[in-house]
Amino acid sequence: MTSSGGPVVLPPVPFNDLSRGVARDLDALQAVAAGIVAGGWYVHGPEHAAFEAEFAKEIGTTHCIGVASGTDALELAVRSVAKGRSGPVVVAANAGGYATVAARRAGREVRFADTDQLTLCLSAKTVEPVLDGAAAVVTTHLYGRVPDLRPLVQLCRQHGVPLVEDCAQAAGAGDHGGLAGSLADVGTFSFYPTKNLAALGDGGAVTTSDDELADRVRRLRQYGWGAKYTVLEDGGVNSRLDEIQAAMLRRRLPLVHEENARRREVIGAYAEAAEGGPVRVLPAVGPWHSGHLAVCLTPRRTAVREAMSAAGISTEVHYPVPDHRQPAWASAYRDVQLPVTEQTSEMVLSLPCFPDLTDEEIGRVCGVLSRVDRP
Ligand SMILES: *Cc1c(COP(=O)(O)O)cnc(C)c1O
């Protein structure tokens with residue numbers, strides 16, 4: 001392949017490359033970590049307290065509660081909002097299974113709602129038919145898109161059912177009217193290394209302006225303790241955000257909006273290149289989209305993936321199997337049909353999208369998009 005006279009082999013375009021973002025800021029990140037290593041306070045110290053305050057301020061809520069992962073954040077949020085309520089938790093089935101895992105860990109049955117054809121998120125229209133008797137609803141801002149949440153918030157309020165926003169993919173999305181995580185009863189975040197606000201390990205947070213709810217989550221994240229060694233809340237876990245991760249997040253929080261804008265720029269370039277062809281890139285325009293993932297819809301996914309792969313470009317599918325068809329859960333949902341969820345799961349394809357993708361790499365993806373399947 002590489003012998004002289006052979007084809008020119010371009011370097012691969014990775015789906016993501018976390019080392020680039022770290023390299024940009026390596027000395028500072030290492031200095032921050034070294035300070036904590038030497039400092040002797042590793043969990044729930046000053047960095048953690050400062051991050052909670054800064055993140056709450058950024059999102060526009062009274063409280064931020066740091067936890068160990070996005071899944072923990074979802075579980076504790078569901079446990080807290082659904083306390084004293086019976087019934088299942090309503091979730092989307094197209095969002096990677098996280099909310100289903102979390103609701104089941106919280107001891108709840110799950111009831112699936114279909115998603116809106118345009119946003120691929122839950123909407124008042126898709127939730128209303130399954131809302132009766134629910135203990136809570138979790139809506140996921142899929143791929144970073146935050147749809148107009150007001151109709152869903154209103155519907156849930158009318159029925160007295162609490163609403164959780166899963167913002168794991170939508171950190172920083174929103175505008176002066178409020179960011180994702182402040183729009184419903186409670187918001188949950190993941191700081192997994194590939195997310196828009198990323199730690200160098202696991203992390204998560206719960207945001208809310210409800211004092212009682214915040215107290216409950218704070219107790220649940222640490223064994224159910226009110227004060228030390230006094231268990232006030234049943235169902236507690238150990239889910240803490242450590243000092244090093246909190247410090248990494250503090251350093252990166254001020255960059256989120258700029259990086260989200262770059263992600264949207266990448267997606268915009270793909271959308272333009274795909275125009276008029278058989279691949280439809282889901283738009284990521286304006287502040288209500290974090291640009292987390294560049295996802296396109298195509299009835300010929302295998303062929304498009306192969307064309308990308310032949311050009312050295314990595315792609316992924318988010319997500320190939322809807323929750324109600326997952327092997328471990330399917331038997332309970334045999335009669336459930338979610339036409340939009342099922343149909344789009346066979347058409348979605350994610351293209352490389354991260355802030356440090358180079359213009360040359362973006363151009364190569366665009367090249368394939370503009371050629372694919374055209375005469
Ligand atoms: C990543 C993700 C989660 C889970 O976060 P972890 O930190 O990996 O537990 C939950 N929901 C969505 C939508 C995600 O993308």
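Note that ligands are numbered from 1 as they come in the structure, with each ligand's atoms numbered from 1 the same way. For the numbers below, each heavy atom of this structure counts, side chains included, while hydrogens, waters and symmetry mates do not. Every value quoted in this text rests on a predicted model; they were computed, and no experiment measured them.
- Ring geometry for F112 versus H324: interplanar angle of 30 to 60°, hence tilted.
- Considering backbone and side-chain N/O atoms, T140 never comes within less than 3.5 Å of an N/O atom of ligand 1.
- The protein heavy atom nearest to atom 3 (C) of ligand 1 is Y98 CG, 3.5 Å.
- Looking only at heavy atoms of the protein, atom 9 (O) of ligand 1 is closest to T71 OG1, 2.6 Å.
- Around atom 6 (P) of ligand 1, the closest heavy atom drawn from A92, G70, A95 belongs to G70.
- Remark: aromatic rings of W225 and Y229 are close, center separation under 6.0 Å.
- The shortest N or O to N or O distance between Y192 and ligand 1 is not under 3.5 Å.
- Ligand 1 has at least one atom lying under 4.0 Å from a heavy atom of K195.
- Within the 4.0 Å heavy-atom criterion, the part of A168 lying near ligand 1 is the side chain and not the backbone.
- Ligand-side atoms of ligand 1 in range of S69: 7 (O), 9 (O), range being under 4.0 angstrom from any heavy atom.
- Scanning both residues, V32 and A247, for their nearest heavy atoms gives CG1-CB, 3.3 Å.
- Closest protein heavy atom to atom 13 (C) of ligand 1: D166 OD2, 3.3 Å.
- Side-chain atoms of E52 and H44 form no donor-acceptor pair, as typed in the model, at a separation below 3.5 Å.
- Residues F51, F55, I59, F189, F191, L197, L241, L249, L253, V256 make up the rest of the hydrophobic cluster containing L179, defined by ILVMFWY side-chain heavy atoms closer than 4.5 Å, directly or through other members.
- Checked by atom type, the side-chain pair H63/T208 shows no donor-acceptor distance below 3.5 Å.
- Of the residues listed (R250, R251, Q245), the one engaging E47 in a side-chain hydrogen bond (donor to acceptor under 3.5 Å, both in side chains) is R250, and it is the only one.
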